[in-house]
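Note that these values count all heavy atoms, side chains included, but never hydrogens, waters or copies made by symmetry. If you read the sequence from its start, that first residue is 1, and numbering goes on from there.
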Amino acid sequence: MTENKALALAPLITPFAFTFYAYMSDVPGFNMDKGLLNFIGLFIGLTLAAIPVAYIYMFFIGGKFYGIFKRKRKVNFFTITLGSVFVADIPMLLIWPATQGEEFYLTLQLFSFVGLMVGLNCWFLLNLDKFRSKFHSGN
């Protein structure tokens, strides 16, 4: 898969990763206490809000970091995944001095997890052709 396709498809995991972590962290609304329809409504709203933001981050921030690492030939599993975590945490790090409380740390964990999942997805998509060739050569 080409780099442009991988960078374009990787952010699509954002609402799924966000919803999974919110469900596991027992975030109100995402824990299904108010029913399945409320959960589905939150998921659809989250998808409509998160996908554009994820693409803005991927193309204007993540893509630039990827280009820098690519020119220096430092693109690997760690730079992609940890770089995605850092890029996802940028807004949280900007508001960190003005915040207090446990909600900030839960949100930081949530953003970090989503960044990690986007990074893993991007790394997987970048290496998809290698995985396919290894899988098909074994058969």
Side-chain angles (χ1 to χ4, degrees):
M1 180 168 294
T2 65
E3 295 165 353
N4 290 337
K5 284 183 185 178
L7 291 172
L9 293 175
L12 293 176
I13 200 168
T14 300
F16 299 102
F18 189 99
T19 303
F20 174 77
Y21 194 84
Y23 176 76
M24 297 306 274
S25 298
D26 202 32
V27 173
F30 288 99
N31 58 8
M32 291 197 217
D33 285 346
K34 295 182 181 177
L36 184 61
L37 290 177
N38 186 36
F39 177 80
I40 292 171
L42 284 172
F43 179 77
I44 291 170
L46 173 71
T47 302
L48 293 174
I51 293 293
V53 173
Y55 275 105
I56 289 170
Y57 270 69
M58 178 60 87
F59 288 115
F60 291 112
I61 301 171
K64 302 298 180 192
F65 280 123
Y66 179 79
I68 291 169
F69 286 129
K70 184 179 174 189
R71 281 191 294 276
K72 294 185 179 205
R73 295 194 167 113
K74 300 285 183 187
V75 175
N76 58 37
F77 176 79
F78 297 106
T79 57
I80 291 176
T81 55
L82 296 177
S84 294
V85 170
F86 176 71
V87 168
D89 286 340
I90 287 174
M92 296 305 298
L93 297 173
L94 292 175
I95 65 167
W96 172 53
T99 58
Q100 298 174 1
E102 289 199 21
E103 293 85 19
F104 171 77
Y105 297 110
L106 176 65
T107 309
L108 182 64
Q109 292 169 0
L110 181 64
F111 276 51
S112 297
F113 181 77
V114 171
L116 178 68
M117 289 298 109
V118 170
L120 287 174
N121 194 20
C122 186
W123 177 80
F124 177 76
L125 291 171
L126 285 171
N127 293 299
L128 187 60
D129 292 333
K130 292 178 189 175
F131 294 140
R132 283 183 182 162
S133 65
K134 285 184 181 180
F135 180 72
H136 290 300
S137 67
N139 289 337

What donor-acceptor contacts under 3.5 angstrom involve side-chain atoms of residues 77-87, with partners at least two apart or in another chain?
| residue | atom | partner | partner atom | Å |
| --- | --- | --- | --- | --- |
| T79 | OG1 | K74 | O | 2.9 |
| T79 | OG1 | N76 | N | 2.9 |
| T79 | OG1 | N76 | O | 3.1 |
| T79 | OG1 | N76 | OD1 | 3.3 |
| T81 | OG1 | F77 | O | 2.8 |
| S84 | OG | I80 | O | 2.8 |

Quiz item: When clusters are formed by joining ILVMFWY residues with side-chain heavy atoms under 4.5 Å apart, either directly or through shared neighbours, do I68 and I61 land in the same one?
Solution: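 No; I61 is not reachable from I68 via cluster members.
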Quiz item: Does the side chain of M92 come within less than 4.5 Å of T107's, by heavy atoms?
Solution: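 The answer is yes; the side chains approach within 4.5 Å.
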Exercise. Determine whether D129 and S133 make a side-chain contact, defined as any pair of heavy atoms from C-beta on separated by less than 4.5 Å.
Key: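 Sidechains of S133 and D129: no contact.
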Only distances under 3.5 Å count here; give the side-chain donor-acceptor pairs of residues 27-52 to other protein atoms, sequence neighbours excluded, each with its distance to 0.1 Å.
| residue | atom | partner | partner atom | Å |
| --- | --- | --- | --- | --- |
| N31 | OD1 | D33 | N | 3.2 |
| N31 | ND2 | D26 | OD1 | 2.9 |
| N31 | ND2 | D33 | OD2 | 3.0 |
| T47 | OG1 | F43 | O | 2.7 |

Quiz item: Can you list every ring-ring contact (aromatic ring centres under 6.0 Å, His included) pair that touches residues 56-76, not counting sequence neighbours?
Solution: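 Every ring-ring contact (aromatic ring centres under 6.0 Å, His included) pair that includes a residue of residues 56-76, provided the two are not neighbours, is Y55-F59.
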Practice problem: Could you pull out all residues at least two apart from K70 that satisfy salt bridge (charged side-chain N to carboxylate O under 4.0 Å, His left out)? | Solution: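 With sequence neighbours excluded, K70 shows a salt bridge (charged side-chain N to carboxylate O under 4.0 Å, His left out) to E3, given in chain and number order.
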Can I get a per-line list of side-chain donor-acceptor pairs under 3.5 Å for residues 12-25, giving both atom names and the distance, sequence neighbours left out?
| residue | atom | partner | partner atom | Å |
| --- | --- | --- | --- | --- |
| T14 | OG1 | P11 | O | 2.7 |
| T19 | OG1 | P15 | O | 2.7 |
| Y21 | OH | Q109 | OE1 | 3.1 |
| S25 | OG | Y21 | O | 3.0 |

Quiz item: What residues form a side-chain hydrogen bond (donor to acceptor under 3.5 Å, both in side chains) with D89, not counting sequence neighbours?
Solution: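 D89 satisfies side-chain hydrogen bond (donor to acceptor under 3.5 Å, both in side chains) with S112 only.
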Quiz item: Say you draw a straight line from CZ of F135 to CG of L128; how long is it, rounded to the nearest 0.5 Å?
Solution: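 So the CZ of F135 and the CG of L128 are separated by 12.0 Å.
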Quiz prompt | Reported CD1-to-CD1 distance for the pair I95 and I90, which is rounded to 0.5 angstrom | solution =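 That separation rounds to 13.0 Å.
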